[in-house]
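Just below is one structure, and these are the notes that go with it.
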Amino acid sequence: MPAESSQTLERGLRLLRLLADGRPGRTPTELAAELGLSRPAVYRLLTTLQSEGFVRRDGEGRLHLGFGVLVLARAVQPLLREGALPALRRLAEEVGATAHLTVAEGEDGLAVAVVEPSWTDMHVAYREGSRHPLSRGAAGLAVLALRAGRTGYVVTEGQLQEGAKGIAAPVPGLPWLEASVGVVSFTPLDPEVVGPRVAASAAELSRALA
């Protein structure tokens with residue numbers, strides 16, 4: 001009995017990961033083919049996941065992630081913040097710029113952790129909980145790069161705040177997380193120096209969360 005229950009849970013989690021990969025919704029038949037399961041088995045999984053709000057069906061009968069996953073995501077944010085703070089603190093002190101962790105919520109980026117440097121005369125005040133479109137600013141563009149399979153750093157200037165320069169890199173290797181680590185400053189940032197340091201911090205965070 002324990003083995004059967006564990007297998008059911010594993011299949012349900014695999015199904016949710018498929019629906020979270022950014023592709024358009026799938027039909028039950030497509031899900032069954034990709035999971036290598038029978039359609040009756042997939043229907044049983046979908047019935048349970050729909051009843052709990054983790055899967056929803058659109059008007060054409062295609063399946064998508066349900067809004068129930070947002071409840072879990074919000075519960076994870078404090079853990080992400082706690083795990084990110086040491087790496088962000090080191091980055092902010094070394095670079096002399098405000099460091100931040102941004103996670104994707106749909107097509108928006110949400111700042112879940114921010115650390116300001118302690119020794120600079122002036123730095124950008126960036127509020128935790130700030131939200132902006134992924135298409136604007138280094139942090140969001142780094143997440144979009146991750147979706148496209150790229151892991152290099154991104155450089156922007158003045159896209160979110162006039163005069164502010166940003167460098168961000170996606171957090172790689174975590175299928176369950178779309179996020180970036182970045183720095184923002186009003187003073188010049190040398191991309192060739194700061195970019196690799198930001199990317200190294202993103203990789204460090206990935207290892208800490210793996």
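If you read the sequence from its start, that first residue is 1, and numbering goes on from there.
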Test side chain to side chain contact (heavy atoms under 4.5 Å, CB included) applied to Arg11 and Gln7, step by step:
CA-CA 6 Å; Arg11 289 174 172 178; Gln7 183 183 63; 3.7 Å; yes

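When all heavy atoms of Ala142 and Pro170 are compared, the closest pair comes out as O-CB, 3.5 Å. When all heavy atoms of Val42 and Pro28 are compared, the pair lying nearest together is CG1-O, 4.0 Å. Minimum interatomic distance between Ile167 and Val198 (heavy atoms only, all atoms of both residues): O-CG1, 4.1 Å. Here the closest heavy-atom approach between residue Pro172 and residue Ala202 is recorded as CD-O, 3.8 Å. Counting all heavy atoms, side chain and backbone alike, Val115 lies closest to Arg89 at CG1-CA, 3.7 Å. When all heavy atoms of Ala168 and Ser180 are compared, the pair lying nearest together is CB-OG, 4.4 Å.
Side-chain contact between Thr48 and Arg44 is absent, with no heavy atoms from C-beta onward closer than 4.5 Å. At least one side-chain heavy atom of Leu72 sits less than 4.5 Å from a side-chain heavy atom of Phe54. Residues Gln161 and Phe186 are in side-chain contact: their nearest non-hydrogen atoms beyond the backbone lie under 4.5 Å apart. Glu105 is listed as a side-chain neighbour of Arg131, based on a closest heavy-atom distance under 4.5 Å. Looking at heavy atoms from C-beta onward, Val55 lies in side-chain contact with Leu16 at the 4.5 angstrom threshold. Looking at Leu134 and Glu178, their side chains never come closer than 4.5 Å, going by heavy atoms from C-beta outward. Counting heavy atoms from C-beta on, the side chains of Leu177 and Val76 never come closer than 4.5 Å.
Atom CG of residue Leu205 and atom CG of residue Leu209 lie 4.5 Å apart, to the nearest 0.5 angstrom. Atom OH in Tyr43 sits 10.0 Å away from atom CG in Leu31 (nearest 0.5 Å). Rounded to the nearest 0.5 Å, atoms CD (Glu10) and CG (Leu35) are 10.5 Å apart. To the nearest 0.5 Å, atoms CG (Leu110) and CG (Leu101) are separated by 9.5 Å. Atom CZ in Arg62 sits 11.0 Å away from atom CZ in Arg57 (nearest 0.5 Å). One finds the OG1 atom of Thr98 at 10.5 Å from the CG atom of Leu91 (value rounded to the nearest 0.5 Å).
Side-chain atoms of Arg150 do not come within 3.5 Å of backbone N or O of Ala145 as any donor-acceptor pair. In this structure a side-chain-to-backbone donor-acceptor pair under 3.5 Å is missing from Glu116 to Ala125. Although no hydrogens or angles enter the test, the distance criterion places no donor-acceptor pair under 3.5 Å between the side chain of Trp119 and the main chain of Gly96. Panel note: side chain Arg56, backbone Leu63; no donor-acceptor pair is recorded below 3.5 Å. For Arg26 (side chain) and Leu18 (main-chain N/O), a donor-acceptor pair under 3.5 Å exists by modelled atom type. No donor-acceptor distance shorter than 3.5 angstrom exists from the side chain of Ser130 to the backbone of Ala111, with no hydrogens or angles considered. Glu128 contributes a side-chain N or O that, together with a main-chain N or O of Val114, makes up a donor-acceptor pair within less than 3.5 Å.
Taking a 6.0 Å sphere around CZ of Arg39, one finds it holds 12 or fewer heavy atoms contributed by other residues, nucleotides or ligands.
By the side chain to side chain donor-acceptor pair (under 3.5 Å) test, Ser185 is found to be paired with Thr187, residues two or more places apart in sequence or in another chain being considered.
Under a hydrophobic clustering in which Ile, Leu, Val, Met, Phe, Trp and Tyr are joined whenever their side-chain heavy atoms come within less than 4.5 Å, directly or via other members, Val124 and Val154 fall into different clusters. Note on Val143: it does not cluster hydrophobically with Val103, by side-chain heavy-atom contacts below 4.5 Å among ILVMFWY residues. When the side chains of ILVMFWY residues are joined at heavy-atom separations under 4.5 Å, either directly or via intervening members, Leu45 and Val69 end up in a single hydrophobic cluster. In the hydrophobic cluster analysis, where Ile, Leu, Val, Met, Phe, Trp and Tyr join through side-chain heavy atoms closer than 4.5 angstrom, Leu37 is grouped together with Leu19. Hydrophobic clustering, with ILVMFWY side chains joined whenever heavy atoms are under 4.5 angstrom apart, groups Val95 together with Val181.
Between Glu34 and Arg23 a salt bridge is recorded (basic side-chain N to carboxylate O distance below 4.0 Å).
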